[in-house]
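To start, the structure itself, in structure tokens.
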Number of protein chains: 2
Amino acid sequence: MKVLIVEDDPLHRSYLHEAVNAALPECDTVIEAENGTVGEKLARDHKSAHIVMDLQMANRNGIEAARTIWKERPETRILFWSNYSDEAYVRGVSRIVPDGAAYGYVLKSASDERLKLALRSIFIESQCVIDREVRGLQQKSLGQTNGFTDSEYEILVDIALGLTDRAIAKRRGLSLRSVQNRLQQLYDKLDVYQSAGDDHEDGRFNLRARAITVAFLRKLLNYSALERAEAELQEWLDGK
Amino acid sequence: MKVLIVEDDPLHRSYLHEAVNAALPECDTVIEAENGTVGEKLARDHKSAHIVMDLQMANRNGIEAARTIWKERPETRILFWSNYSDEAYVRGVSRIVPDGAAYGYVLKSASDERLKLALRSIFIESQCVIDREVRGLQQKSLGQTNGFTDSEYEILVDIALGLTDRAIAKRRGLSLRSVQNRLQQLYDKLDVYQSAGDDHEDGRFNLRARAITVAFLRKLLNYSALERAEAELQEWLDGK
DNA sequence: CAACAAGCTGCGGGTTTACGCAAGACGGCG
DNA sequence: CGCCGTCTTGCGTAAACCCGCAGCTTGTTG
């Protein structure tokens with residue numbers, strides 16, 4: 001059995017290497033990649049079936065890399081090992097995981113023990129292992145309670161990219177008014193009014209900009225999500 | 001000599017510990033803190049004069065911690081050790097460093113050798129050591145070329161917070177029109193038009209929102225900068 | 001099938017933005 | 001002092017945004 005490690009940080013990389021050796025005696029080869037681009041290449045060359053991947057990497061982030069890898073070989077098992085459990089990451093991951101694929105999401109703050117367990121469960125038993133904390137987010141975001149619909153999330157991304165209402169309408173195939181309806185929904189859920197209204201005439205916020213910031217502070221958006229969205233936008237613009 | 005290490009990640013923490021021991025034989029005690037809050041407390045209790053500090057920490061980020069520490073004892077020597085060289089961080093740091101204080105900014109990607117050199121230079125020789133890459137940003141941001149004025153940065157933060165033009169005017173003691181002038185300057189420098197104009201009528205952007213995103217993508221803003229700005233805003237709001 | 005909730009759409013109007021134009025204010029500099 | 005560049009401010013306008021109201025299309029449920 002071969003395992004591919006994709007991780008930015010040299011310290012974390014060697015830690016992972018050790019952890020893999022300890023948890024998986026049946027693993028005879030461990031390969032390392034120091035960023036997403038190299039990771040993709042090595043995965044392709046070695047036809048890797050077992051990958052441990054960091055999410056936040058400078059060169060090419062984990063989600064991008066995982067997407068292309070899964071596109072080529074959907075049965076690949078990937079364990080995401082991340083510092084954060086931002087909703088933006090969780091959403092990003094669950095959007096790209098192929099049907100029935102075994103994968104995992106473990107936080108870097110987890111114990112050695114938990115990491116090893118996750119490694120065995122995913123790579124040997126083909127089970128999904130999602131960190132408790134991450135799991136919580138997932139439920140909330142899929143169940144409607146306090147969570148954001150896909151369409152709400154979509155429009156959030158669109159205004160974050162800086163599109164006008166009209167542009168959004170065109171892009172999503174909606175009328176102007178519908179876009180604005182969704183915006184109102186979004187503002188509602190993000191509680192943009194509350195902080196705005198409390199202080200009569202002056203204290204008002206620019207709802208659109210405020211929504212973006214609140215989303216950031218709540219980790220609904222983060223850098224990598226923006227980056228991906230921006231890339232998609234450019235693609236769309238080029239395709240007329 | 002005593003050294004205090006403030007760092008989130010256990011792996012990095014122990015790496016730092018070793019590096020300090022190796023670089024500074026004259027150091028007899030090393031203390032560790034795993035987040036900003038604890039860091040502040042330990043610094044106070046031990047009257048630490050030598051600190052190595054991570055910038056990005058979940059609980060209370062390095063800039064906040066450094067600020068309160070420096071407020072209490074401005075002659076404290078702090079070496080910032082960070083993964084990133086976002087302009088937002090660089091700006092944040094240089095805003096809080098007291099006159100004449102010895103400090104340093106080294107990237108985590110730097111070699112062992114460079115880290116050790118920096119430790120000695122700052123703690124023993126009282127010299128400032130700024131990573132080359134960071135230095136570049138600093139020059140650019142202070143010199144006018146391609147960089148952002150303080151007033152431009154200020155207004156960037158304000159719209160990022162979601163303030164209306166009117167609110168900004170009140171907060172900064174300017175007229176409405178002046179605020180809008182600065183906004184135009186900002187839009188100019190951020191190149192918000194270019195990407196907007198290329199594609200006739202539809203492709204236009206919402207300048208305000210677009211500016212925020214572009215600033216994010218260019219690392220002029222990041223989470224921690226937003227967080228700080230938001231805290232300041234709340235303070236201002238409370239002070240009516 | 002009737003009833004009802006949820007989402008899309010057009011209309012209309014009040015507010016905020018973006019920005020050209022032009023008149024002061026302030027600070028160097030020859 | 002007079003000239004010039006930078007910064008501020010007011011006025012005015014076209015566009016974009018926020019949103020209440022009301023008519024339509026769906027899908028769901030009793």
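This structure is a prediction, so every number in the text was calculated from the model and none was measured. Order of the sequence lines sets the chain letters (A, B, ...), proteins ahead of strands, with each chain counted from 1.
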Please tell me if [X] has a side-chain N or O lying less than 4.0 Å from either OP1 or OP2 of [N].
X	N	result
Gln185(A)	dA6(C)	no
Ser178(A)	dT9(C)	yes
Asn206(A)	dT17(C)	yes

Nearest-nucleotide 5' precedence on DNA chain C, Asn181(B) against Ala209(B): Ala209(B)

Atom CD of Glu72(B) with >12 non-hydrogen neighbours under 6.0 angstrom: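 Buried by this count: over 12 neighbours within 6.0 Å.
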
Figure out the [atom1]/[atom2] separation between [X] and [N], and round it to whole Å.
X	N	atom1	atom2	result
Arg210(A)	dC18(D)	CZ	P	15 Å
Arg166(B)	dT9(D)	CZ	P	15 Å
Phe205(B)	dC17(D)	CZ	P	13 Å
Leu183(B)	dG20(C)	CG	P	14 Å
Leu163(B)	dT16(C)	CG	P	14 Å
Gln184(A)	dG7(C)	CD	P	14 Å
Ile159(B)	dT16(C)	CD1	P	17 Å
Asp150(B)	dC7(D)	CG	C1'	16 Å

Rounded distance (nearest 0.5 Å) linking atom NZ of Lys189(B) with atom CG of Leu156(B):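 So the gap between those two atoms works out to 12.0 Å.
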
Pairwise distance CZ(Phe216(B)) to CD1(Ile212(A)) - rounded to 0.5 angstrom: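 Separation between the atoms: 9.5 Å.
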
Worked check of salt bridge (charged side-chain N to carboxylate O under 4.0 Å, His left out) between Arg91(B) and Asp150(B): CA-CA 10 Å; Arg91(B) 231 173 235 279; Asp150(B) 281 341; 3.4 Å; yes

Evaluation steps, ring pair (Phe, Tyr, Trp, His ring centres under 6.0 Å), between Tyr193(A) and Phe205(A): CA-CA 8 Å; Tyr193(A) 300 107; Phe205(A) 282 111; over 10 Å; no

salt_bridge(Arg171(A), Asp158(A)) N-O dist < 4.0 Å: yes

Touch class at under 4.0 angstrom, heavy-atom based, for Leu174(B) against every strand present: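 Leu174(B): backbone/sugar contact only, no base atoms under 4.0 Å.
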
Arg77(B) NZ/CZ over Phe123(B) ring centroid, <6.0 Å and within 45° of normal: no

Which nucleotide in dC17(D), dC19(D), dG10(C) has an atom nearest any side-chain atom of Ser175(A): dG10(C)

Options dC19(D), dG20(C), dT9(C), nucleotide nearest the side-chain atoms of Leu207(A): dC19(D)

Distance-only polar pair, side chains of Glu230(A) and Gln234(A), donor-acceptor under 3.5 Å: yes

Parallel, tilted or perpendicular: rings of Tyr105(B) and Phe80(B) (30°, 60°):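 Tilted, since the angle between the ring planes falls between 30° and 60°.
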
Test item: Ser82(B) side-chain N/O and Tyr84(B) main-chain N/O as donor-acceptor pair under 3.5 Å: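 Between the backbone of Tyr84(B) and the side chain of Ser82(B) there is a qualifying donor-acceptor contact (under 3.5 Å).
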
First of Arg182(B) and Tyr187(A) reached from the 5' end of DNA chain D, by closest nucleotide: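 Taking each residue's closest nucleotide, the earlier one in sequence belongs to Arg182(B).
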
Atom pairs under 3.5 Å: protein N/O with N/O of nucleotides 11-13 of chain D:
unit_1  : atom_1 : unit_2    : atom_2 : d
dC11(D) : N4     : Arg177(B) : NE     : 3.3

Bend angle of the helix from dC1(C)-dG30(D) to dG30(C)-dC1(D), from helix axes over five pairs at each end, nearest 10°: 20°

